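Here is the structure we will look at.
The model shown is predicted, which means the values in this text are computed figures rather than measured ones.
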Amino acid sequence: MPHPTTNQVTVDDSRVHGDWRDELFQNGYVVVKNAISPDRCEYYIDKMFEWLESFPFGFDRNDRSTWTEQHLPTHIKGGMYHGYRIQHEKFIWEARTEDGVIEAFAKLWGTDKLLVSFDGVNFTLPSGTTLPQTKPWPHIDQSPLRQGMQCVQGVLNFAPNGPQDGGLLVVKGSTKLMPEFFKTHSGEIGRETWGPSDWFGFDESEVKWFEERGCEILKVNAEAGDLILWDSRTMHFNCVPSSQNLRAVVYACYTPASFATPDVLQKKSEFFDQRIGTTHWPHDNLFTETSHANRPEEDEGDLTKRLYEEPVETDLVLKLAGKKPY
């Protein structure tokens with residue numbers, strides 16, 4: 001059955017705009033340059049260090065001997081952090097409300113009345129050793145049962161990210177082939193193979209099907225302050241760094257507020273109040289598989305503090321969170 005829709009208007013990806021949107025529609029991804037200033041990038045990196053140091057695990061940015069798992073809060077897949085309600089830390093909401101970031105998504109969707117995802121961060125520290133490569137998990141984050149582009153994911157990139165620095169890999173050109181793939185493979189793909197909601201993973205032979213039709217796997221590189229965008233229908237995955245460089249990003253996706261049903265807005269508002277993180281999707285898929293335990297404080301008996309720094313609930317923050325109508 002098709003996914004339910006609300007007041008969703010599909011973006012015309014055949015129209016020529018003469019800017020970065022053309023590259024996004026053609027290739028499935030784009031790097032929007034200089035969305036965040038150098039000073040702000042340094043600020044967010046400093047706040048990420050400060051957040052790590054705020055735990056009673058002994059991490060010290062000036063002591064490399066503490067840059068180990070035993071001195072860090074729980075993270076997954078390298079430096080990805082989704083626990084301890086980090087999705088709602090003050091500096092994360094500050095990053096989400098950067099003018100250049102919101103302007104890019106407003107330009108993409110044709111409206112500044114947006115919702116934002118409650119997503120996490122990646123802060124990968126140089127370990128002094130080469131990190132083991134994880135098994136690739138090529139996937140898409142939008143179901144082929146949905147019509148048109150309904151979710152575009154974003155990476156707010158705060159540190160230079162080159163070919164050896166780990167990060168996003170995309171299968172360039174895969175977006176436009178998705179309808180053909182699912183049509184020709186419908187007999188092989190049972191509904192039971194779907195992951196949670198819109199997520200779908202591909203095996204090696206299926207990736208090869210795309211490569212045989214001209215698609216190529218590319219590492220997306222970006223400078224500090226760049227915004228990486230990709231269509232959720234574009235096959236993508238991640239790789240860990242082979243360099244000794246810092247990786248610092250916030251994951252953030254924005255979609256028109258009109259895409260959300262009243263029920264979703266109510267649930268999103270409640271999650272914001274509870275400081276709960278969800279998925280890449282701002283207007284749907286508001287489930288969570290991440291622990292939202294309170295922070296451990298110096299006194300092990302004190303588990304009452306939800307966040308290191310509570311966000312400032314500005315008018316814009318409340319609207320992006322779905323708590324206040326436009």
Side-chain angles (χ1 to χ4, degrees), residues 2-36 87-88 92-119 140-143 146-156 175 197-198 225-234 250-269 271-272 278-286 311-326:
H3 285 262
T5 58
T6 53
N7 301 318
Q8 297 183 9
V9 178
T10 302
V11 172
D12 182 4
D13 58 8
S14 64
R15 177 184 168 192
V16 176
H17 295 274
D19 56 35
W20 54 261
R21 288 173 290 181
D22 298 336
E23 188 175 342
L24 172 65
F25 298 151
Q26 178 62 35
N27 298 328
Y29 76 100
V30 68
V31 178
V32 181
K33 304 299 293 182
N34 304 315
I36 304 167
Q87 299 90 341
H88 296 283
I92 301 296
W93 274 105
E94 289 175 332
R96 291 179 183 136
T97 54
E98 285 281 343
D99 289 344
V101 175
I102 292 179
E103 287 168 5
F105 278 96
K107 188 173 189 176
L108 172 63
W109 293 111
T111 179
D112 59 2
K113 297 178 179 179
L114 301 167
L115 299 175
V116 71
S117 59
F118 299 161
D119 212 338
I140 54 175
D141 289 295
Q142 179 179 315
S143 165
R146 294 185 189 264
Q147 299 299 311
M149 186 180 73
Q150 295 185 27
C151 187
V152 173
Q153 293 165 241
V155 162
L156 285 57
T175 318
S197 197
D198 279 82
D226 290 347
L227 171 65
I228 303 173
L229 301 177
W230 69 100
D231 190 322
S232 289
R233 300 170 297 173
T234 298
V250 165
Y251 301 103
C253 172
Y254 304 69
T255 53
S258 61
F259 281 17
T261 64
D263 287 347
V264 166
L265 287 174
Q266 177 62 34
K267 187 176 182 181
K268 190 175 182 73
S269 175
F271 278 180
F272 175 75
T278 58
T279 68
H280 302 308
W281 284 71
H283 67 277
D284 203 351
N285 295 323
L286 296 187
V312 178
E313 296 189 3
T314 64
D315 185 70
L316 178 56
V317 165
L318 294 175
K319 288 176 177 178
L320 290 171
K323 191 166 179 62
K324 184 175 181 178
Y326 282 92

>> What verdict does the side chain to side chain contact (heavy atoms under 4.5 Å, CB included) test give for Ile102 and Tyr254, after you've listed the backbone C-alpha separation in whole Å, the side-chain angles of each residue and the deciding distance to 0.1 Å?
In response: CA-CA 8 Å; Ile102 292 179; Tyr254 304 69; 4.2 Å; yes
Do [X] and [Y] come within less than 4.5 Å of each other through their side chains, counting heavy atoms only?
| X | Y | answer |
| --- | --- | --- |
| Lys107 | Asp19 | yes |
| Trp20 | Lys33 | no |
| Asp284 | Phe259 | no |
| Leu108 | Val152 | yes |
| Tyr251 | Val155 | yes |
| Leu227 | Ile36 | no |
| Thr97 | Leu320 | yes |

>> Looking at every heavy atom in both Ala321 and Phe118, which two are closest together, and how far apart are they?
In response: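 So the two residues come closest at O-CZ, 3.8 Å.
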> What pair of heavy atoms forms the shortest contact from His283 to Thr255, and how long is it?
Replying inline: ND1-OG1, 2.9 Å
> For the side chain to side chain contact (heavy atoms under 4.5 Å, CB included) test, which of Thr234, Thr175, Asp198, Asn285 pairs with Gln142?
Replying inline: Asp198
> Taking atom CG of Leu265 and atom NZ of Lys324, what is their separation to the nearest 0.5 Å?
Replying inline: 15.0 Å
> If you measure from OG on Ser232 to NE2 on His280, what distance do you get to the nearest 0.5 Å?
Replying inline: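 That separation rounds to 7.5 Å.
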> Do the charged groups of Arg233 and Asp141 touch, with an N to O distance under 4.0 Å?
Replying inline: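 So Arg233 does not pair with Asp141 through a salt bridge.
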> How about Asp22 and His17: does a side-chain donor come under 3.5 Å of a side-chain acceptor?
Replying inline: no
> Can you list the steps and then say if Phe105 with Val32 is a side chain to side chain contact (heavy atoms under 4.5 Å, CB included)?
Replying inline: CA-CA 10 Å; Phe105 278 96; Val32 181; over 6 Å; no
With sequence neighbours excluded, what pairs up with [X] under the side-chain hydrogen bond (donor to acceptor under 3.5 Å, both in side chains) test?
| X | value |
| --- | --- |
| Trp281 | none |
| Lys319 | Asp315 |
| Gln26 | none |

>> Under the rule for side-chain contact (heavy atoms from CB on, under 4.5 Å), what residues qualify as partners of Asn34, not counting sequence neighbours?
In response: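 side-chain contact (heavy atoms from CB on, under 4.5 Å) list for Asn34, sorted by chain: Asp226.
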>> Checking Gln266 against Phe271 for the side chain to side chain contact (heavy atoms under 4.5 Å, CB included) test, could you report, in this order, the C-alpha distance in whole Å, the side-chain angles of both residues, the deciding distance, and whether it holds?
In response: CA-CA 9 Å; Gln266 177 62 34; Phe271 278 180; over 6 Å; no
> Can you say whether the rings of His88 and Phe272 are parallel (under 30°), tilted (30 to 60°) or perpendicular (over 60°)?
Replying inline: perpendicular
> What residue pairs, at least two apart or across chains, pass salt bridge (Lys or Arg N to Asp or Glu O under 4.0 Å) with a residue in residues 92-103?
Replying inline: Arg40-Glu98
> Are Asp231 and Tyr29 close enough, and set up right, to give a side chain to side chain contact (heavy atoms under 4.5 Å, CB included), and what steps lead you there?
Replying inline: CA-CA 6 Å; Asp231 190 322; Tyr29 76 100; over 6 Å; no
Would you give me the side-chain donor-acceptor pairs under 3.5 Å for residues 110-117, sequence neighbours excluded?
residue: Thr111; atom: OG1; partner: Lys113; partner atom: N; Å: 3.1
residue: Ser117; atom: OG; partner: Cys253; partner atom: N; Å: 3.0

